[in-house]
Engineer: 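Have a look at this one.
Read the numbers this way: they start at 1 and go in the same order the structure lists the ligands and their atoms. Small disclaimer: the values here were computed from a predicted structure and weren't measured. Note: hydrogens, waters and symmetry copies are ignored here, and every other heavy atom, side chains too, is used.
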Amino acid sequence: MASITQIPDEQAVLRTRDLSVYYGESRAVRDISIAIPANQAIAFIGPSGCGKSTLLRCFNRMNDLVPGARIEGEVTYRGPNLYAPGVDPVEVRRRIGMVFQKPNPFPKSIYENIAFGPRINGYRGDMDALVERSLRQAALWDEVKDRLDSSALALSGGQQQRLCIARALAVEPEIVLMDEPASALDPIATQKIEDLIYHLKQDYTVIIVTHNMQQAARVSDMTAFLYMGELVEYGPTQGLFTSPREERTEAYITGRFG
Ligand code: ADP
């Protein structure tokens with residue numbers, strides 16, 4: 001395993017140690033040890049099928065929901081193992097939220113999409129204020145403030161994706177995982193999501209899976225390059241793109257395979 005950037009424990013919000021993920025007999029993630037620093041944007045890049053989404057899903061136990069998936073090794077969140085007996089995966093997913101490739105709003109009003117999560121978590125504060133704050137954080141408030149009771153499904157794809165981000169933020173997570181959040185969107189909507197990621201990292205840690213290297217270079221502080229289930233290289237984004245240490249990274253970022 002080559003060149004893992006050393007991040008001290010106190011700065012790492014998430015960490016894996018010798019993490020492998022299997023689907024049945026086949027191993028999709030191979031012995032990955034990686035530390036995720038707080039309040040940064042981290043991009044996972046690599047060719048399709050290299051294990052980016054599988055690794056991402058380990059951070060909030062979404063692979064628990066995939067039949068036949070099992071993990072070996074450790075994933076820790078601020079110290080404790082996320083997979084220890086007694087850890088409630090629902091609570092894990094509240095603190096470590098997720099946004100998917102295809103926007104998936106509930107078939108409810110804009111307001112209810114945001115209020116739903118906090119309500120089932122027993123939120124007792126001012127719901128109107130929480131809805132507004134979440135929509136503002138996702139840079140959607142100005143576009144929807146006069147139609148909060150309209151169906152979320154009437155929004156454009158880009159607006160729906162920002163709504164899903166607002167929905168993830170409404171339950172006050174610490175980390176937001178994004179799996180190709182802009183790949184179904186047009187360039188303008190994509191740019192809005194990228195701007196948003198840039199702002200979100202002031203308050204959250206954001207991990208984004210992308211097959212788009214330019215996007216990784218634009219939004220992330222740290223980049224991890226995966227290839228065939230292995231973490232080939234991980235480090236500050238600018239360095240990884242301008243002077244990669246590994247030949248496989250260089251081959252990928254210069255377009256020799258992908
Ligand atoms: P990436 O996100 O880099 O495209 P994935 O994590 O989706 O890669 O996939 C890594 C490997 O795991 C691929 O070989 C893929 O076919 C396999 N895989 C992903 N999800 C499943 C699943 N639900 N069941 C079986 N195999 C899967």
Side-chain angles (χ1 to χ4, degrees), residues 1-2 4 14-34 36 41-75 82-83 89 92-93 96-104 161 164-165 168 175-185 190 193-194 197 205-220 222-235 237 240-241 244 246-258:
M1 222 331 292
I4 290 184
L14 287 166
R15 190 180 277 279
T16 73
R17 287 190 185 83
D18 301 325
L19 178 70
S20 291
V21 184
Y22 295 83
Y23 295 109
E25 295 298 301
S26 110
R27 186 151 67 137
V29 161
R30 296 171 172 269
D31 283 326
I32 288 189
S33 298
I34 188 170
I36 306 294
I42 291 86
F44 293 170
I45 63 166
S48 181
C50 71
K52 304 180 293 296
S53 300
T54 300
L55 176 62
L56 190 76
R57 288 195 295 262
C58 290
F59 290 127
N60 71 345
R61 293 194 49 170
M62 288 297 281
N63 286 323
D64 292 16
L65 308 173
V66 178
R70 77 186 160 82
I71 78 154
E72 281 174 3
E74 204 175 66
V75 184
L82 281 180
Y83 287 82
V92 170
R93 291 179 204 128
I96 306 172
M98 191 155 194
V99 175
F100 300 89
Q101 180 171 4
K102 201 167 167 295
N104 58 350
Q161 192 61 304
C164 292
I165 294 171
I175 301 164
V176 184
L177 311 176
M178 299 190 181
D179 195 349
E180 304 253 14
S183 65
L185 305 179
T190 296
I193 300 282
E194 291 183 5
I197 292 169
T205 303
V206 181
I207 311 179
I208 174 174
V209 161
T210 178
H211 64 260
N212 179 331
M213 280 183 276
Q214 287 74 24
Q215 181 167 75
R218 283 191 298 264
V219 304
S220 71
M222 303 276 288
T223 296
F225 169 57
L226 279 74
Y227 186 60
M228 294 174 73
E230 283 179 39
L231 177 62
V232 174
E233 184 162 347
Y234 177 46
T237 296
L240 188 135
F241 281 104
E246 294 289 318
E247 211 176 304
R248 283 175 296 175
T249 314
E250 182 168 9
Y252 182 67
I253 65 176
T254 55
R256 273 184 275 150
F257 65 88

Engineer: Using a threshold of 4.0 angstrom between heavy atoms of the protein and any atom of ligand 1, which residues qualify?
Structural biologist: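 Within 4.0 Å of ligand 1, the protein residues are Tyr23, Ala28, Pro47, Ser48, Gly49, Cys50, Gly51, Lys52, Ser53, Thr54, Arg57, Val66.
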Engineer: Please identify which of these residues, Asp179, Ile36, Asn60, meets the side-chain contact (heavy atoms from CB on, under 4.5 Å) condition with Ile207.
Structural biologist: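 It is Ile36; the other options fail the test.
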Engineer: Would you mind writing out the side-chain donor-acceptor pairs for residues 251-258 within the sub-3.5 Å range, not counting sequence neighbours?
Structural biologist:
residue, atom, partner, partner atom, Å
Tyr252, OH, Gly46, O, 3.4
Thr254, OG1, Glu250, O, 2.6
Thr254, OG1, Ala251, O, 3.3

Engineer: My understanding is that only residues two or more places apart in sequence, or in another chain, count here; which of them pass side chain to side chain contact (heavy atoms under 4.5 Å, CB included) with Glu247?
Structural biologist: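 By the side chain to side chain contact (heavy atoms under 4.5 Å, CB included) rule, Glu247 matches no residue at all.
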Engineer: Please identify each residue that fulfils side-chain hydrogen bond (donor to acceptor under 3.5 Å, both in side chains) with Thr237, with sequence neighbours left out.
Structural biologist: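 In terms of side-chain hydrogen bond (donor to acceptor under 3.5 Å, both in side chains), with neighbours along the sequence ignored, Thr237 is linked to Ser220, Thr223.
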Engineer: Of all heavy-atom pairs between Cys58 and Val21, which one has the smallest distance, and what is that distance?
Structural biologist: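 Cys58 and Val21 have their closest heavy atoms at SG-CG2, 3.4 Å.
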Engineer: State whether the side chain of Thr16 and the backbone N or O of Ile32 hold a donor-acceptor pair below 3.5 Å, judged by distance alone.
Structural biologist: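 Yes, because the side chain of Thr16 sits within donor-acceptor range (under 3.5 Å) of the backbone of Ile32.
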